[in-house]
Amino acid sequence: MNNNLIIEQLKKQIESFKKEPEISEVGRILTLNDGVCSLSGLKDVAMGELVLFAKDKEEIFGVVLNLEEDLVGAIILGDFTKLKEGDIAKRTKKTLSIGASKNFIGRVINPLGQPLDKKGEIKYENSYPLEKIAPGVLKREPVNTPLHTGIKSIDSMIPIGRGQRELIIGDRQIGKTALAIDAIINQKQDSLKTPVCIYVAIGQKSSKIAGIVEKLKEKGAMDYSVVVSASASDPAPLWYIAPYAGCALAEYFMDKGDDVLIIYDDLSKHAWAYRQISLLLRRPPGREAYPGDIFYLHSRLLERSAKLNPELGNGSITALPIVETQAGDVSAYIPTNIISITDGQIYLEPELFYQGIRPALNVGLSVSRVGSAAQTKAMKKVAGQLRLDLAQFRELASFVQFGSDLDEATKQKIDRGQRITEILKQGQYAPLPFEKQVSILYAATQGMLDDIEVSEIKNFENKFLEHLENQNSEFLKSLRKKKDLTDELEKNLKNIIENFKKVFRK
Amino acid sequence: MKYSSRQYAKALWELLEKKSPAHQGVILNNFMKLLRKQKEFKKLNFIVNELEKIHLTENNLLKAEIISPFPLSKTLTKQTKKFISSFFKRRLKAIILEQKIDKNLIGGFQIKVNDYLIDASVKNMLLKLKRNIRV
């Protein structure tokens, strides 16, 4: 770029600059706690307003959360060790908002919109407020498009639609984040429009977040994803605003008509951060020391995930909040709150995990309240029988030991259930597109795998899917396009499976 | 019962009004004993702040702070006081102007009065310029 041109532009801007004195309303810091401070003055400040602590080189922002007779309580969004008693806080007359633009895709940012990946500044035109009222009833439309996670047990029995909120709940180290990441990775190979994926990491180890970003890059998922990170070493106020920042960014894309998948990992830590802030602000503690408005904290966040009607662009935000339970206790305070807010839950159990069933999905306790309205016709055909077969198998599971003393019907049910359970097991970072899922589940539910040893099922599945990909890509393509298992396609599939079985046996 | 610093300050002020210095000494002594009894010694700083505020309002005074890189001349001090009283549109008996020197401001001045900050320093202009310049 022409140097002279730049210098001319600079000169013009400096000359036209208005040299007026700035009159601002200020307050002083009276007390300073971990991330929370009380200020004097600021008599006209509004609730939720941003205040600026202007230090020499840095600008540290705060959000006003407590308005008392003589004091204003504010949380500090940044390094509070740089502030001291007596420092000045200026009113900005603005509420907390984050810049939003397409340039955020592929980047890792903090909840204030600042980049963390050293790839330079992110340019944006619009600013979206972090706190916003969720779309009203008339602006919405019922959920009708599937969001394929690529995981067989979820897409068949607990289908998720675009615009739904589905909670992933389980103990620590059970595969909750793994499910979410697989869902993001699967969007690349899905037949429908690729949604923008936003992964909000709340209070997680920086090493874990780095690992996730690397994995997403490796699988090519960063081309349509954003990572909002409030890591474990960030102060509690940043943990508190992180999910709202992610949601504001998601709303930008939704207003443009895009679909968005947002993952809040995890909301239990978010509740802890809010409890810390509320206790430091001297708000009265309630059950388990959480403040009285802990429900509202999560309900206003999750209600912003919606499916908009065609007049508003048909955009949607699908939320997958993650909650960590302690010792499998789903009846604790925070889990029950969020279960009542979301449109269903995916319940992961440690027992199943240790038995080798991974993902450790408890099909009985998991539910999707949107259900088959968000499933392709092909999947509906195949999955209808699946849940029933598995339920019957669970009933009879304890009789597996009496192998020889059972009648034919029971034995058959047990055999079928065992094979379906084997099929539903899935490795990490290996999501399947829905056409492959339909093919293998069809084989399982139609009893075409009953003559294969249970220990050989996994091997069969891998080889079968490989065979489908290499030799029958035409079939996969037409199934992917039609989204329905027509009579013709069904006949075709049956033949493919029978032929492959002959090859497999050799 | 817990009282706020403001309530303590107001009560103390009303008691001390129009009393002889000897009497005021006794009252202050009793006040300290009361604070110790109520275990509210921590509030002492805040009570003193509130007392100062009451003193300023009762006597129609205004306290302001002016920060500049150079010391102010007598004429400038007078002009500043005039400007502040016009800013507040209140009839004031006097303005107590505290002066502070801060070389970091480079030029201009900052006036802190009540809850307002009037910033006409060169440092602030440069910061605003930095924020608004786009190439």
Side-chain angles (χ1 to χ4, degrees), chain A residues 1-31 38-45 51-59 61 68-72 85-94 99 121 123-125 282, chain B residues 2-10 42-54 63-68 80 83-84 86-88 98 100 102-135:
Chain A
M1 227 191 142
N2 201 348
N3 270 340
N4 284 330
L5 196 63
I6 302 177
I7 297 177
E8 282 307 314
Q9 269 194 322
L10 272 174
K11 267 197 200 164
K12 236 196 257 177
Q13 287 195 33
I14 298 176
E15 271 167 2
S16 62
F17 182 68
K18 293 194 194 111
K19 297 181 271 305
E20 282 161 0
E22 196 182 19
I23 303 176
S24 33
E25 291 171 46
V26 297
R28 263 182 220 265
I29 297 183
L30 290 174
T31 61
S38 57
L39 306 161
S40 69
L42 289 172
K43 58 180 168 46
D44 288 334
V45 76
V51 291
L52 176 60
F53 301 97
K55 300 299 286 179
D56 277 325
K57 297 238 169 93
E58 252 184 279
E59 286 183 342
F61 284 97
E68 291 165 49
E69 195 183 347
D70 301 324
L71 290 176
V72 167
E85 193 195 327
D87 278 350
I88 298 288
K90 282 190 215 176
R91 267 189 80 182
T92 58
K93 305 198 177 128
K94 285 191 275 187
E121 203 192 315
K123 294 199 168 56
Y124 58 87
E125 299 94 37
R282 302 304 219 129
Chain B
K2 291 257 174 191
Y3 300 102
S4 72
S5 323
R6 189 180 285 183
Q7 287 169 320
Y8 277 119
K10 198 143 198 280
K42 281 184 277 182
K43 289 209 168 108
L44 204 55
N45 262 334
F46 295 104
I47 295 173
V48 170
N49 283 338
E50 290 295 328
L51 269 176
E52 189 178 8
K53 278 194 210 165
I54 298 175
K63 189 170 176 199
E65 195 183 333
I66 178 161
I67 309 167
S68 57
T80 315
F83 164 70
I84 295 175
S86 68
F87 189 67
F88 277 98
E98 265 182 31
K100 266 207 189 131
D102 183 2
K103 294 269 178 194
N104 283 326
L105 293 181
I106 307 170
F109 61 88
Q110 277 181 351
I111 297 179
K112 283 186 199 158
V113 58
N114 279 358
D115 285 337
Y116 291 94
L117 171 71
I118 303 165
D119 198 337
S121 64
V122 175
K123 175 176 160 204
N124 198 31
M125 301 286 168
L126 289 172
L127 280 172
K128 275 207 318 200
L129 196 63
K130 176 180 161 194
R131 261 182 255 149
N132 291 319
I133 282 255
R134 260 170 214 267
V135 178

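For clarity, every value in this text was computed on a predicted model and none was experimentally measured. By convention in this document, chain letters (A, B, ...) are assigned in the order of the sequence lines, proteins followed by strands, and residues within each chain are numbered from 1.
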(message) I want to check something: taking the side chain as every heavy atom from C-beta on, are E25(A) and D115(B) in contact at a cut-off of under 4.5 Å?
(response) no
(message) Please identify, among G41(A), S24(A), S40(A), the residue contributing the most non-hydrogen atom pairs under 4.5 Å to chain B.
(response) S24(A)
(request) Might you confirm whether atom NZ of K63(B) has over 12 heavy atoms from other residues, nucleotides or ligands at distances under 6.0 Å? (result) no
(request) With rounding to the nearest 0.5 Å, note down the distance linking CD in E22(A) to CD1 in I118(B). (result) 11.5 Å
(request) Would you give the length of the straight line joining atom CZ of R28(A) to atom CG of N49(B), rounded to the nearest 0.5 angstrom? (result) 10.0 Å
(request) Determine whether R6(B) and E69(A) make a side-chain contact, defined as any pair of heavy atoms from C-beta on separated by less than 4.5 Å. (result) yes
(request) Kindly compute the distance separating OG (S4(B)) from CD (E68(A)), expressed to the nearest 0.5 Å. (result) 12.0 Å
(request) May I ask you to name which of D44(A), L30(A), D70(A) has the most heavy-atom pairs under 4.5 Å with chain B? (result) D70(A)
(request) Could you check if a side-chain atom of K112(B) sits within less than 4.5 angstrom of a side-chain atom of I88(A), using non-hydrogen atoms only? (result) yes
(request) Answer with side chain, backbone, both or neither: which region of K128(B) has an atom nearer than 4.5 Å to a non-hydrogen atom of chain A? (result) both
(request) Please look at E59(A) and chain B and tell me whether the side chain, the backbone, both or neither of the residue comes under 4.5 angstrom of a heavy atom of that chain. (result) side chain
(message) For K90(A), I'd like to know if atom NZ has over 12 heavy atoms of other residues, nucleotides or ligands within 6.0 Å.
(response) yes
(request) Would you mind checking which part of R91(A) comes under 4.5 Å of any heavy atom in chain B, side chain (CB onward), backbone (N, CA, C, O), both or neither? (result) neither
(request) Over all heavy atoms of both residues, which pair between Y116(B) and I23(A) is shortest? Give the atoms and the distance, please. (result) CD2-CG2, 4.4 Å
